[in-house]
Number of protein chains: 2
Amino acid sequence: MPAPSSSPSESVVRAWARLERAHRAAQTSVEARLKEAGLPALAWYDALLELERAGSTGLRPFELQREMLFAQYNLSRLIDRLAAAGYVARAASAEDGRGQVLTITREGKAMRKRMWPVYAAAIEDAVGRHLSSAEAATLADLLGRLYSRPAS
Amino acid sequence: MPAPSSSPSESVVRAWARLERAHRAAQTSVEARLKEAGLPALAWYDALLELERAGSTGLRPFELQREMLFAQYNLSRLIDRLAAAGYVARAASAEDGRGQVLTITREGKAMRKRMWPVYAAAIEDAVGRHLSSAEAATLADLLGRLYSRPAS
DNA sequence: TCCATATAGATGCTATTGCATCTATATGGG
DNA sequence: CCCATATAGATGCAATAGCATCTATATGGA
């Protein structure tokens, strides 16, 4: 009568618990740094970065949503705020009447750029400081496997 | 003119980005599993587990707060909900007039136990499925370093 | 002892999240 | 062409998180 095979191993449970804790610790300290510098929240940076990478082609909200793994309604409102702040422009999609295309504005690029030094220092403090470069690469690799589709 | 040494390396930035994504993906799917089973949220489980581990001695809220890395006001309200549900008992602290002592109730233990199979399956699905046991151990180790005080 | 300061925990108010649902357009089959 | 169903995105409402602040007790000097 073996334990059910679906039961996670000890090390898996530990990895999960630490994923929660480590994320909470890092997230909290990064957000705090941005806030104390009078800058927008982390999610704004992430969205602006994706949009800047997408260039003048822009991105559809649902694409951004997949990229960021954000819930649809959360993204919808994040975009509202970004647009209200003038960092993102919404335009009706030419190919899809239901949709829109998002592009980053000049002000949006400027803000992302302005956030970077603070964000970078916060990342270094929350992550870099604790790991060698090789360890960070290993960590990135393992974490990547958690949300890429499995080989199945 | 070297780049400022405080700037995180490429691999550190990647590790951070994936920590966000991986956590969001895993958290979302675990919460969804619990909800669809009609069970309380993840944070309830974590709190109940810590309290159960603490045994009849119980825990002070600030201890639980450190354990879970929860913000003070969030924990205060989480405890409200747990107490309202009858899963946690609050008693005035004998040694510290400002404080209280939390203990898990019989119902709290029962609920934690009831949540575990669902939670375990969700963890296996979100984490275990993607990693070998050794990889999970490595991941746990690296994540642990992010929130333990550095050697400094 | 008395005061200044620190710590434990609660709480009013605002902002964000989550849920359920809604509208509108798209798409594939008959 | 028409309908059933799927997808893009928005939104009302309830729950939770975040911020600032408050009360109460503790603690370490002068």
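All values below come from the heavy atoms of this structure, side chains included, with hydrogens, waters and symmetry mates left out.
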Visitor: According to side chain to side chain donor-acceptor pair (under 3.5 Å), does anything in residues 70-79 of chain A pair up with another residue at least two apart or in another chain? List the pairs.
Guide: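 As it turns out, there is no side chain to side chain donor-acceptor pair (under 3.5 Å) pair with a partner in residues 70-79 of chain A once direct neighbours are skipped.
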Visitor: Side-chain donor-acceptor pairs under 3.5 Å in residues 51-70 of chain A, sequence neighbours left out?
Guide:
unit_1	atom_1	unit_2	atom_2	d
A/E52	OE1	A/R112	NE	2.6
A/R60	NE	A/Q100	O	3.0
A/E63	OE1	A/R60	N	2.7

Visitor: Near DNA chain D, which residues from residues 30-46 of chain A have a heavy atom under 4.0 Å away?
Guide: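 Within this stretch, A/K35 sit under 4.0 Å of the strand.
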Visitor: Should B/L39 and B/Y119 count as side-chain neighbours, where that means a heavy-atom distance under 4.5 Å?
Guide: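 In short, these two side chains do not touch, never coming nearer than 4.5 Å.
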Visitor: Looking at A/R14 and B/D141, does any basic side-chain N land under 4.0 Å from a carboxylate oxygen?
Guide: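 Salt bridge absent between A/R14 and B/D141.
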Visitor: Mind running side chain to side chain contact (heavy atoms under 4.5 Å, CB included) on B/L102 and B/L82 for me, showing each step along the way?
Guide: CA-CA 10 Å; B/L102 308 174; B/L82 287 167; over 6 Å; no
Visitor: Is the side chain of A/E31 donor-acceptor paired with the backbone N or O of A/A41 at a distance under 3.5 Å, no angle test?
Guide: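 No; zero donor-acceptor contacts below 3.5 Å.
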Visitor: What closest approach, in Å, do B/D125 and B/H130 show between heavy atoms, and which atom pair accounts for it?
Guide: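 Here B/D125 and B/H130 meet closest at O-NE2, 3.4 Å.
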Visitor: Pull out every residue in residues 64-91 of chain B that has a heavy atom closer than 4.0 Å to any atom of DNA chain C, ordered by number, or say none.
Guide: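 Going residue by residue through residues 64-91 of chain B, the ones with a heavy atom under 4.0 Å of DNA chain C turn out to be B/Q72, B/Y73, B/S76, B/R77, B/R90.
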Visitor: Got a donor-acceptor contact below 3.5 angstrom from the A/S11 side chain to the B/A136 backbone?
Guide: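 Not at all, since once roles are kept as given, no pair shorter than 3.5 Å links the two residues.
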Visitor: Mind checking which nucleotides bracket the chain B contacts on DNA chain D, 5' to 3', with an atom under 4.0 Å from a heavy atom?
Guide: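 Range of nucleotides touched by chain B: D/dT16 to D/dA26.
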Visitor: Flag yes if A/Y147 and B/L19 sit in one hydrophobic cluster, no otherwise; membership is Ile, Leu, Val, Met, Phe, Trp, Tyr, and two members link when side-chain heavy atoms are under 4.5 Å apart.
Guide: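 No, no single cluster joins them.
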Visitor: Could I get the full list of salt bridge (charged side-chain N to carboxylate O under 4.0 Å, His left out) partners for B/R114, not counting sequence neighbours?
Guide: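 Once residues adjacent in sequence are excluded, B/R114 has no partner under the salt bridge (charged side-chain N to carboxylate O under 4.0 Å, His left out) criterion.
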